[in-house]
Amino acid sequence: MGVKILKKDFFKRPTLIVAKELIGKYLVKKVDGKEMALMITEVEAYDGPRDKASHASRGMTDRNAIMFAEGGYIYVYLCYGMYNMLNFVTGEKDYPAAILIRGVEGFDGPGKLTRHLKIDRSFNKMEICPKSGLWVEDRGEVIAKKDIIRTPRIGVDYAGEIWKNKPYRFVLKT
DNA sequence: TAAGTGATCTCT
DNA sequence: GAGATCACTTAA
């Protein structure tokens, strides 16, 4: 029915649940005064201090400090010198967790989507809300459970057998 | 399949 | 301060 803007309460829940439910929601970004809304089709969860694939696995640093905040914040960082990665912080305060937005409709890949939506590190530590110019909406789309595929995460071979094989990636079947 | 690219982390 | 590393993409 109506468009619902997702608030902190949505993001403060357990990371894997939030990740799964983000599939089919709309990422909305203000670009040059115009709103672009794209359905989220691919995400990855990074959950807790023991997740070896997570930036938070080696404790808090200047870069990942925002992951320790309560859910509802934006975490953006630069990878490989040229790609900004967009994450949403989840869970309660002091519990380091975030969800990497890997793809939306039309832009398949974390680096590509940030490049096209002009998302850079200036969004780091901002709240996920219209005031920041970047937020998420529930537009009433219902995604069938069978249309969501779970797979291991991408590009985390260094995390060891246990963590690299966790099925923390959610993809919308096309 | 390899290389580009630069912030950040982990040693000295 | 120096060196290694990295949640990627593109062009062969």
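This is a predicted model, so every value here is computed, not measured.
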* Asked: When the distance from CZ of R121(A) to P of dT5(B) is rounded to whole Å, what number comes out?
  -> 16 Å
* Separation between OH of Y168(A) and CG of D51(A), rounded to the nearest 0.5 Å -> 6.0 Å
* Ionic contact status for E44(A) with R153(A), cut-off 4.0 Å -> no
* Where along residues 12-21 of chain A does a heavy atom fall under 4.0 Å from DNA chain B? -> none
* Asked: F107(A) has an atom CZ; how far is it from atom C1' of dT9(C), in whole Å?
  -> 15 Å
* To do: Would you mind telling me which residue lines up with the more 5' stretch of DNA chain B, D62(A) or Y83(A), judged by nearest nucleotide?
  => Y83(A)
* Assert yes or no for the condition that the ring centre distance of Y77(A) to Y75(A) is strictly below 6.0 Å. => yes
* To do: Can you measure from CG (L117(A)) to CG (L134(A)) and round to the nearest 0.5 angstrom?
  => 8.0 Å
* Looking only at heavy atoms, which two atoms of F10(A) and K25(A) are closest? And how far apart? -> CE1-CE, 4.5 Å
* Could you check whether the rings of H116(A) and F107(A) sit parallel, tilted or perpendicular, using 30° and 60° as the cut-offs? => parallel
* Asked: Base, sugar-phosphate, or nothing: which does R115(A) touch, judged by heavy atoms less than 4.0 Å apart?
  -> sugar-phosphate
* Are F88(A) and F11(A) an aromatic pair by the rule of ring centers under 6.0 Å? -> yes
* In which stems does DNA chain B show up, taking only runs of three or more Watson-Crick or G-U wobble pairs whose two distances fall under 3.5 Å? -> B:1-4 with C:8-11, B:6-11 with C:1-6
* Taking atom types as modelled, is there a side-chain donor on N84(A) or T114(A) under 3.5 Å from an acceptor on the other? -> no
* Whole-Å gap separating P (dT9(C)) and CG (D108(A)) -> 8 Å
* Asked: In terms of side-chain geometry, is the basic nitrogen of R169(A) or E42(A) positioned less than 4.0 Å from the acidic oxygen of its partner?
  -> yes
* Gap separating the CG atom of L172(A) from the CD atom of E141(A), nearest 0.5 angstrom -> 9.5 Å
* To do: Might you confirm whether atom CZ of R50(A) has over 12 heavy atoms from other residues, nucleotides or ligands at distances under 6.0 Å?
  => no
Any protein N or O atoms within reach of nucleotides 4-7 of chain C? Criterion: under 3.5 Å, listing atom names and distances.
from, atom 1, to, atom 2, distance (Å)
dA7(C), OP1, H55(A), NE2, 3.2
dA7(C), OP2, Y158(A), OH, 2.4
dA7(C), O4', Y46(A), OH, 3.4
dA7(C), N9, Y77(A), OH, 3.4
dA7(C), N7, H55(A), NE2, 3.1
dA7(C), N1, N87(A), OD1, 2.2

